[in-house]
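Throughout, a chain's letter reflects where its sequence line sits, starting with A, and its residues are numbered from 1.
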Amino acid sequence: MTMTEATTSQPGIKRFIGMDWNIGALKSADRRYWSFVALLGILITLGVMAWILVMTKGGTVMAQRDGFTWGIWFANYMFYVGLAAGGLVVYASVHLFGAEQFRPLARLAVLMAGCLTMIAVLGDLTDLVRVWRIYWFALTPNLSAIFVYTGSAAGIYMVICFVDLWILITGKGGEKLAYRMTLIALPLAIYLHTTTAFVLALNKSRELWSTAVMVPIFLTSAVASGVALLLIVAYIMQRFHVLEFKPSMFRSLSTLLATVMIFDLFLLVAEIAFVYWPSSAKIGHTLRFSEFLTGPYAGIFLPVLILGGTAFALLSRRKTRHIPAVQVTASALYVVAIFFKRYTLMSMGFAIGTLGQPQAPYFPSLVEGLLALGLLALAVLFVTLAAKVLPLRVPEHEHGEEVGAPHAVASGDPALESGAAL
Amino acid sequence: MSDTLHNDVRPDNATAPDGTTFSRRSFLQGIGVAAGLVAAGVIPAVLSAAPTSAEEATATTTAAVPGGGEDPIATIIEENRELNYPGKPVYYADLAGPEKWAMVIDTKACVGCRKCAFACVKENNIGRTSGFTYIQLLEMEPGKLDLDTAVLDYEEAGRPDKWYLPVQCMQCANPPCVTGCPVKATWKEPDGIVVVDYNKCIGCRNCMITCPYGARHFNWVHPEVPEAEVNPKVPLAEKAWTPEKCTFCVQRTRNGQTTACVEACPVGARTFGDLNDPNSDVSILLKTRRVFRLKEELSTEPMIWYVG
């Protein structure tokens with residue numbers, strides 16, 4: 001497995017596992033690019049140091065406690081797994097439903113989905129203070145434990161995303177294989193999101209988690225935040241001339257986003273109504289939910305409603321929906337809203353303990369925060385490097401291509417040139 | 001124990017703040033002698049949800065309710081089967097015997113002194129700086145069985161205007177922690193005791209999420225016990241960064257002793273014994289008294305009953 005000089009006219013391009021890696025683009029990258037990469041490197045180093053501290057000092061360096069059994073890592077797990085759904089939506093719409101306007105996004109979307117799932121899994125693993133025993137997961141898996149399903153689904157989904165990316169870039173198997181991969185990836189992604197929601201919903205011990213609406217609301221939040229993040233990253237990629245998109249693509253994405261947002265907000269309001277409606281209200285539920293509406297946790301839950309509502313209001317107006325600033329603002333608001341929602345969701349299991357004792361709100365310790373930041377930096381680093389090195393741009397001739405046509409990545413791929421110009 | 005029983009049923013002893021609360025719940029497993037005739041008809045109907053296990057249990061059990069009918073305890077024993085049991089006992093205890101261990105706690109007698117919790121800490125090598133005890137005592141409001149208004153960190157015990165509810169691992173017949181452990185590092189032994197393999201646990205803490213009784217506690221720090229007080233029969237160092245919980249003092253009870261909490265209780269509120277033995281104190285209590293279990297609606301089938 002060694003890199004060989006590609007037989008191309010362009011210098012600095014290496015061919016490896018069938019893909020053209022534009023290493024030369026890194027050499028010609030400007031100072032701003034490398035400063036950003038250096039910043040990410042520092043964050044990743046701090047994250048690794050934080051993890052070493054967790055491994056040597058155990059739980060003492062974490063703010064998690066008996067009453068708050070899980071912390072920021074779990075909120076992030078739900079958040080990242082959800083964000084990865086954006087990639088799937090685009091991928092599936094192109095290859096399954098023929099939504100050609102999203103085709104230029106396909107490689108970026110799949111790359112992001114893979115990276116996000118990767119840090120979701122890593123976040124889980126770095127929280128396990130006895131992680132070196134993880135092989136028991138394979139040797140004696142407990143089939144009645146939902147963790148076995150969501151953990152393995154996340155791992156497989158991550159691999160599928162990277163394989164998909166490889167197929168899209170190399171063009172191996174053509175459109176037919178890409179279509180078949182979608183048939184695998186789509187059910188797997190829904191399975192991943194469902195099992196992640198089940199980690200919460202299947203606990204009769206935690207009143208606010210144990211609700212059947214958890215799965216649909218998890219899916220809508222995932223798709224909404226995933227599409228929103230994709231839209232933001234697409235704009236960033238366009239800003240740095242890595243990729244180019246038509247305004248109509250962003251408009252389609254925004255319409256899709258607004259539609260999913262309103263479904264998501266609707267389910268949330270339905271859930272709140274169910275908790276408080278006099279004929280359905282149970283004392284335990286209302287008591288626990290009030291911690292989030294008016295109690296000490298209101299600071300993390302009310303932003304979900306405010307930011308989410310504002311984002312939808314911004315996108316709901318047809319006249320202004322096409323304006324890039326509106327699209328990016330709404331998307332950013334919604335991604336932040338969903339982060340708060342995941343954090344709230346995590347806290348809902350613990351705000352009042354199983355024996356009825358209120359718990360002080362959890363705030364991650366420095367070590368937990370650095371660990372989370374380091375993982376996020378890792379994903380951003382992957383995408384930053386890929387933007388330079390990998391041909392993320394879908395060649396023009398593939399747009400609207402017939403099924404079965406071979407995908408030959410020409411050595412003169414415009415993506416490489418634009419990457420070099422970054 | 002029988003003296004206590006007779007005292008309890010006398011009307012002049014009805015001062016305990018429990019009657020109204022408990023009567024709301026369905027205590028169908030516990031049949032009073034007076035309610036025996038009614039129960040003989042009602043219980044088989046209720047338990048018919050699992051007809052096959054009930055039939056099997058009846059076939060293998062000779063114990064019968066006075067006055068005829070099936071023995072409800074037989075179905076409980078049947079339900080309390082081993083789960084994920086790896087075929088060998090947990091490394092820090094002897095082999096499980098033929099017993100089905102259970103406990104009955106008299107909430108009328110309990111004064112909330114926490115002597116049981118202290119004895120348990122000593123017996124089970126619970127880290128003195130770990131910040132938890134297996135047994136948690138809740139100070140309850142009279143007239144209510146409402147955990148949300150209960151106080152865990154009360155300072156004055158034995159208040160006449162309160163009642164006390166000791167909570168610990170219920171050794172559920174249907175334990176959510178065992179079904180929730182992704183690597184089978186916790187399981188139910190043939191005698192019904194739920195144990196943890198500290199050398200296998202990956203530290204994911206999902207068992208603590210799934211337990212509705214807050215019975216599992218994580219060793220966020222290395223458990224520290226003064227050298228002179230270490231119980232050599234109970235694991236210590238390997239418990240670091242894993243969850244632990246009440247094991248019905250498996251190191252004692254499988255050697256003919258009773259649990260540390262039962263021994264320490266100054267008012268005799270706790271009764272521990274074998275449900276397979278129809279003449280054990282717990283079996284008699286379950287057959288003759290009105291009992292209830294905590295969060296019975298979750299169908300975890302706890303092996304700790306409360307009697308008021």
Max heavy-atom pairs within cutoff under 4.5 Å with chain A, candidates B/Ala215, B/Cys211, B/Gly214, goes to B/Cys211
Answer key: most heavy-atom pairs under 4.5 Å with chain A among B/Leu298, B/Leu138, B/Val167, B/Thr300 is B/Leu298
Cut-off 4.5 Å, heavy atoms of chain B, and the answer for A/Ile352 is side chain
Applying side-chain contact (heavy atoms from CB on, under 4.5 Å) to B/Glu238 and B/Tyr91, what does each step give before you reach the verdict? CA-CA 12 Å; B/Glu238 63 260 47; B/Tyr91 66 92; 2.9 Å; yes
Max heavy-atom pairs within cutoff under 4.5 Å with chain A, candidates B/Asn219, B/Val221, B/Asn206, goes to B/Asn206
Worksheet entry | Parallel, tilted or perpendicular, as decided by the 30° and 60° cut-offs, for the rings of B/Tyr198 and B/Tyr92 | parallel
Of the listed B/Gly180, B/Gly131, B/Ser299, B/Cys201, the one with the largest count of heavy-atom pairs under 4.5 Å with chain A is B/Cys201
Applying a strict 4.5 Å limit to non-hydrogen atoms, the region of B/Ala185 in contact with chain A is neither
Side chains of A/Met348 and A/Phe289: closer than 4.5 Å at any heavy-atom pair? yes
So, the part of A/Phe350 with a heavy atom under 4.5 Å from chain B: the answer is side chain
Please check if atom OH in A/Tyr276 has more than 12 non-hydrogen atoms from other residues, nucleotides or ligands closer than 6.0 Å. yes
Using a distance-only test with no angle check, is there a side-chain donor-acceptor pair under 3.5 angstrom linking B/Arg216 and B/Thr186? yes
Note to self: Can you confirm whether more than 12 heavy atoms, excluding those of B/Phe118, are under 6.0 Å from its CZ atom?
What the structure shows: no
Given B/Gln136, B/His222, B/Lys200, the one with more heavy-atom pairs under 4.5 angstrom with chain A than any other is B/Lys200
message: Once you measure the plane-to-plane angle for A/Phe339 and A/Phe79, does it fall in the parallel (<30°), tilted (30-60°) or perpendicular (>60°) bin?
response: perpendicular
Okay, B/Phe132 and chain A: the region with an atom under 4.5 Å from a heavy atom over there is side chain
Turns out that what part of A/Ile134 lies under 4.5 Å from chain B's heavy atoms comes down to both
Cut-off 4.5 Å, heavy atoms of chain B, and the answer for A/Asn142 is both
Within 45° cone of B/Tyr164 ring axis and under 6.0 Å: B/Arg114 NZ or CZ:
no
